[in-house]
Structures are given as C-alpha cells and as structure tokens.
Number of protein chains: 2
Amino acid sequence: MENSISSSEERILDAAKKVFHCKGYDGARMQEIADEAGVNKSLVHYYYRNKDNLFQAVFEDAFSKLITKLNEIFFSELAFTTKIETFIGYYVSFLSQNSYLPLFILNGLYEKPEQIRTMLAKNQLLPERLIDKIKKQIKDELNLEIDPFHVFINILALSVFPIVAKPLIENIFGYSDEQLNQFYEERKTVVPEFILNALKGYEKKHSY
Amino acid sequence: MENSISSSEERILDAAKKVFHCKGYDGARMQEIADEAGVNKSLVHYYYRNKDNLFQAVFEDAFSKLITKLNEIFFSELAFTTKIETFIGYYVSFLSQNSYLPLFILNGLYEKPEQIRTMLAKNQLLPERLIDKIKKQIKDELNLEIDPFHVFINILALSVFPIVAKPLIENIFGYSDEQLNQFYEERKTVVPEFILNALKGYEKKHSY
DNA sequence: ATTACTTTTAACCACCTGGTTAAACCGTAT
DNA sequence: ATACGGTTTAACCAGGTGGTTAAAAGTAAT
C-alpha cells in the first residue's frame with residue numbers, strides 16, 4: 001500500500017526535480033512535470049497543492065543534499081588538510097555529476113533569500129559553529145594568521161564555480177565532454193594542492 | 001531628432017536590462033518592461049521584434065561588458081602579479097556594484113550555450129590567445145610548473161563566486177549590507193595575496 | 001454487494017502571455 | 001493646408017498558464 005501510494009507522489013517529485021533543476025521556477029510548467037511523471041496534471045495539485053509548494057519541496061531536497069555533506073565533512077575529526085582534500089574530492093565528483101544543482105540553488109537563494117535560515121534550522125546547521133571549527137583548526141594545526149571566513153569562501157569558490165561555469169568552459173575553450181570530465185578530475189588534486197600551497201604562505205606573520 | 005528617436009529605444013533597453021537581470025528570461029514580462037520604460041507595450045515590439053531579440057540585446061551587452069574588461073586586463077603589458085591584483089580589484093568592485101550580472105550571464109549561458117562563440121567573435125576575442133599569454137607569463141616571469149588553465153579558472157572562481165553566492169553569504173552569516181561590502185573590499189587584497197601565495201608553492205619542481 | 005475512503009482523471013475556467021493590427025500622432029518638407 | 005515619414009498607442013487575439021471541480025476508478029472493510 002505505502003509503496004503504491006508513494007509511488008505516484010515520488011514519481012511526481014522526481015519529475016519536478018528534473019524539470020525545475022533544468023528550467024527553473026518560471027521556466028517550469030506544471031503540465032510538463034505531470035507528463036514527465038506520467039500522471040494527470042490534477043494529481044500534481046492533489047499531492048502538492050500548488051507550484052510554490054512543489055518547488056519548495058524540490059529546493060529543500062537539493063539544498064539539504066549539498067549542505068548536509070558539507071557540514072558532515074567540515075565537522076568531522078579529520079586533519080584540516082585532509083578535510084580540504086576530502087571535501088573537494090567529494091564535492092567536485094558529486095557536482096560534476098549533478099551540474100545543474102548549484103546554479104539551481106543559487107537562483108533559488110536570490111529569489112527567496114529569507115528562507116535560508118529556515119532551511120538551516122531544518123537541517124540543524126549552525127554556520128557560526130562551522131566557521132569556529134575552521135578557525136580553530138587553522139590556528140591549532142597550522143598556526144596561520146588568516147581570516148577563516150575568506151578561506152572557507154575560497155574553498156567553496158574553487159569547488160563550485162567551475163561547475164556553475166560549465167557551459168563557459170565547455171564553449172570558450174571548446175572542451176568535449178571527455179575533456180571536461182578530465183578537467184574536473186584534475187581539479188580534485190589541483191585545487192587542494194593550490195589551497196594548501198596558499199595557506200603555507202601565511203605561516204609567518206602577516207599584516208593587512 | 002536622433003536624441004528623441006534613440007531616447008525611447010534606449011529607455012526600453014535600459015528597462016529590459018533591469019527586468020531581465022533580476023527576473024531572468026522566463027520571469028520577465030514584456031508588459032513590465034514597457035511599464036518600466038514608460039511606453040506602450042507595442043513600442044517594445046516595434047523596436048525589438050520579439051522577446052528573444054530584446055533578451056539577446058541585453059545579454060550581449062552584459063556579456064561584452066564583462067568579457068571586454070577581462071580581455072583588456074589580461075592582454076595588457078603588466079607583470080603577471082600586478083595583472084592579478086588589477087583584475088581582482090576591478091572585477092570585485094564592478095561585480096559587487098552589479099551583483100545580479102554574473103548569475104544572469106551564467107543562466108544565459110546554460111540556456112543558449114551555442115551563442116557564446118558568436119559573441120566572442122563579435123567582441124573579437126580568442127580565448128586560446130588568452131591562455132597562451134597567461135602560460136607564457138607564468139613560465140617566463142615566475143618559472144612555475146602549473147597548468148595555466150586551472151590558474152585562470154581559479155582566478156575567475158575566487159573573483160566571481162563570492163558575488164554569485166551573495167545571498168548565501170548574506171543570510172548564512174547574517175551579514176548586513178555594510179559588512180558584506182567590507183567583506184568584498186577585503187577580498188581585493190586577500191584574494192591576490194592568496195593566489196600569489198599559492199603560486200609560490202609551484203616554484204620548485206612538481207609532479208602530478 | 002454495499003459502504004466509505006483514497007487516488008486518478010477529464011473537462012473546465014479565469015487570467016495572463018507574447019504578439020498583431022490598424023489607427024492616431026507628430027514633425028517636416030512641399 | 002496637406003501629404004508623407006517615422007513614432008506611439010488602444011484594442012484585440014490565439015494560445016498557454018496555474019488551478020478548480022466533479023465525477024470516475026480503485027481499494028479495503030463490513
């Protein structure tokens with residue numbers, strides 16, 4: 001019973017993910033989602049009252065998928081350098097296989113920025129703690145004088161941007177799918193190396 | 001005469017920029033653009049036959065605005081280290097004052113990636129030359145063994161991502177407008193420092 | 001078989017969308 | 001004055017939009 005009940009509902013959610021991820025909120029059509037799920041359009045409204053509700057379900061799923069793993073890795077007991085390697089390895093892999101996700105999320109955050117904190121609460125996340133953890137590790141393990149927040153954003157930027165800019169890289173430099181995947185594969189080692197090299201530069205005292 | 005003719009057309013284009021930048025192609029309404037420009041909707045169709053045309057005009061403007069300056073700086077005769085500082089300083093400034101632009105462009109590239117090369121041609125840009133130039137400078141001036149393409153993407157990532165992720169930073173870390181601007185201001189020095197520190201790590205021989 | 005319930009559908013609706021058309025407007029040269 | 005060119009507008013349209021409704025189909029207990 002539960003299987004057949006949720007089967008339709010799940011198929012609708014899966015269909016909604018496909019369509020919303022690719023076309024965004026405004027570009028998505030309820031009819032297209034219904035077709036993709038192989039059900040009547042009314043059934044979509046039956047399970048998710050309206051477009052907003054359905055979109056939010058899709059968005060929360062995507063957001064928590066990304067943020068949960070991030071949180072998990074950064075709160076683990078790994079050494080900071082290992083942590084960076086682990087994070088980038090995982091994120092570049094996951095994002096390059098779901099390359100539509102980050103842009104989808106960034107767009108959603110622009111449109112409804114107020115709901116971020118609600119979502120953080122739902123996933124029991126406290127960003128301040130995360131920064132504190134990074135700060136402590138940078139100081140205790142590496143003895144660096146650098147703003148941990150900039151480090152965190154840099155790690156994120158170097159991992160996420162190349163995925164978001166996929167069509168740019170693809171077309172400007174005429175990369176094939178294979179070449180692009182190789183490029184992402186390379187980044188799993190290049191980026192951690194790049195970051196750790198950068199951090200070494202802060203071992204001595206610095207002023208800015 | 002020319003002033004009054006172009007006045008309407010320009011006001012329409014300006015209005016279209018505002019609306020498309022914020023709401024994207026699908027979210028934008030021709031009526032809203034007309035209202036924003038203070039003209040009848042038919043006049044929008046009179047000057048720009050249809051929505052696609054108008055959007056393309058807006059997109060080309062935004063794209064060339066960003067790519068032209070990038071090209072100019074990277075092809076200048078500055079030393080590579082100065083070049084990085086100049087580029088990041090300019091881009092962070094420009095983008096933080098036009099924070100909707102990069103996401104707008106990235107979305108456009110996802111939707112119509114095939115037109116990138118057309119646009120590059122229009123602006124007389126050859127990406128291969130750009131990478132060659134960077135490659136030569138990295139080798140001649142700094143004697144580094146590192147893939148110049150990754151360096152270029154890293155520079156771009158560290159400059160652009162924090163702008164694209166503005167609502168994330170704003171809301172996750174509860175930054176006010178002032179704090180956010182200060183954060184961007186800091187990045188003008190932090191990011192070049194970070195990159196140059198990273199590059200130093202490649203001065204000796206490396207293998208990967 | 002009947003009942004009571006959830007799931008699924010076809011038909012429908014009010015509204016909005018991009019786009020068209022034909023007429024009005026306006027400056028200017030004749 | 002009027003005829004002519006580009007400019008601007010009101011009115012209109014076909015097709016699509018999210019969403020509703022009421023009836024049908026399925027399911028399980030009695």
Side-chain angles (χ1 to χ4, degrees), chain A residues 1-62 104 107-108 110-112 114-115, chain B residues 1-62 104 107-108 110-112 114-115:
Chain A
M1 173 185 167
E2 285 214 350
N3 241 331
S4 62
I5 284 181
S6 58
S7 157
S8 273
E9 192 171 349
E10 275 178 17
R11 270 164 57 212
I12 289 172
L13 188 62
D14 285 344
K17 283 180 195 172
K18 269 194 198 170
V19 177
F20 277 131
H21 286 165
C22 295
K23 310 207 168 178
Y25 181 86
D26 292 315
R29 302 285 156 239
M30 295 299 270
Q31 185 61 60
E32 190 182 352
I33 292 171
D35 292 347
E36 179 75 34
V39 299
N40 189 284
K41 189 179 56 143
S42 299
L43 201 62
V44 181
H45 284 89
Y46 175 73
Y47 284 112
Y48 305 85
R49 273 204 342 265
N50 51 43
K51 195 180 182 183
D52 276 316
N53 263 319
L54 181 54
F55 180 81
Q56 189 155 337
V58 172
F59 184 76
E60 283 182 15
D61 177 89
F104 169 74
N107 278 318
Y110 257 91
E111 282 157 29
K112 302 181 179 182
E114 71 284 357
Q115 290 180 341
Chain B
M1 175 186 170
E2 285 216 351
N3 242 332
S4 60
I5 285 180
S6 58
S7 155
S8 273
E9 191 171 352
E10 274 178 17
R11 269 164 56 212
I12 290 172
L13 188 63
D14 285 343
K17 285 180 195 171
K18 270 193 198 172
V19 177
F20 277 131
H21 286 165
C22 295
K23 311 208 167 179
Y25 181 86
D26 292 315
R29 302 284 157 238
M30 296 298 269
Q31 186 61 59
E32 191 182 352
I33 293 171
D35 291 347
E36 179 75 34
V39 300
N40 188 285
K41 189 179 56 141
S42 300
L43 201 62
V44 181
H45 284 89
Y46 175 74
Y47 284 112
Y48 305 85
R49 274 204 341 265
N50 51 43
K51 197 182 182 182
D52 276 315
N53 263 320
L54 181 54
F55 180 81
Q56 189 155 335
V58 172
F59 184 76
E60 283 181 16
D61 177 88
F104 169 74
N107 278 317
Y110 257 90
E111 283 157 28
K112 302 182 179 180
E114 70 283 359
Q115 289 180 343

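Everything numeric here is computed off the predicted structure, so don't read it as measured data. Here is how names work: the chains are called A, B, and so on, in the same order as the sequence lines, proteins then strands, and each is numbered from 1.
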Residues Phe55(B), Phe104(B); criterion ring-ring contact (aromatic ring centres under 6.0 Å, His included); working and verdict: CA-CA 11 Å; Phe55(B) 180 81; Phe104(B) 169 74; 5.6 Å; yes
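- Computed from coordinates, the Arg11(A) CZ to dT8(C) P distance equals 8 Å when rounded to whole Å.
- Heavy-atom minimum distance, Asp26(B) versus Gly27(A): OD2-CA, 3.3 Å.
- Considering only side-chain N and O atoms, Ser8(B) lies nowhere under 4.0 angstrom from the phosphate OP1 or OP2 of dT7(D).
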Go through Lys112(A) and Phe59(A) one step at a time and tell me if the side chain to side chain contact (heavy atoms under 4.5 Å, CB included) criterion holds. CA-CA 11 Å; Lys112(A) 302 181 179 182; Phe59(A) 184 76; over 6 Å; no
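- As a whole-Å value, the separation of Glu32(B) CD from dC16(C) P is 14 Å.
- A donor-acceptor contact closer than 3.5 angstrom is absent between the side chains of Asn40(A) and Tyr46(A).
- If you check dT8(C), dT8(D), dT9(D) against the side chain of Val39(B), the one that comes closest is dT9(D).
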For nucleotides 15-21 of chain D, 5' to 3', base contacts (B), sugar-phosphate-only contacts (S) and non-contacts (-) with protein non-hydrogen atoms under 4.0 Å give --SBBBB
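- With hydrogens and angles left out, the side-chain atoms of Gln31(B) and Asp35(B) include a donor and acceptor closer than 3.5 Å.
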Tell me, with the steps shown, if Arg29(B) and Lys51(B) meet side chain to side chain contact (heavy atoms under 4.5 Å, CB included). CA-CA 9 Å; Arg29(B) 302 284 157 238; Lys51(B) 197 182 182 182; 4.1 Å; yes
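- Whole-Å rounding puts the Leu43(B) CG to dT9(D) P distance at 6 Å.
- At least one side-chain nitrogen or oxygen of Tyr47(B) sits closer than 4.0 Å to the OP1 or OP2 atom of dT8(D).
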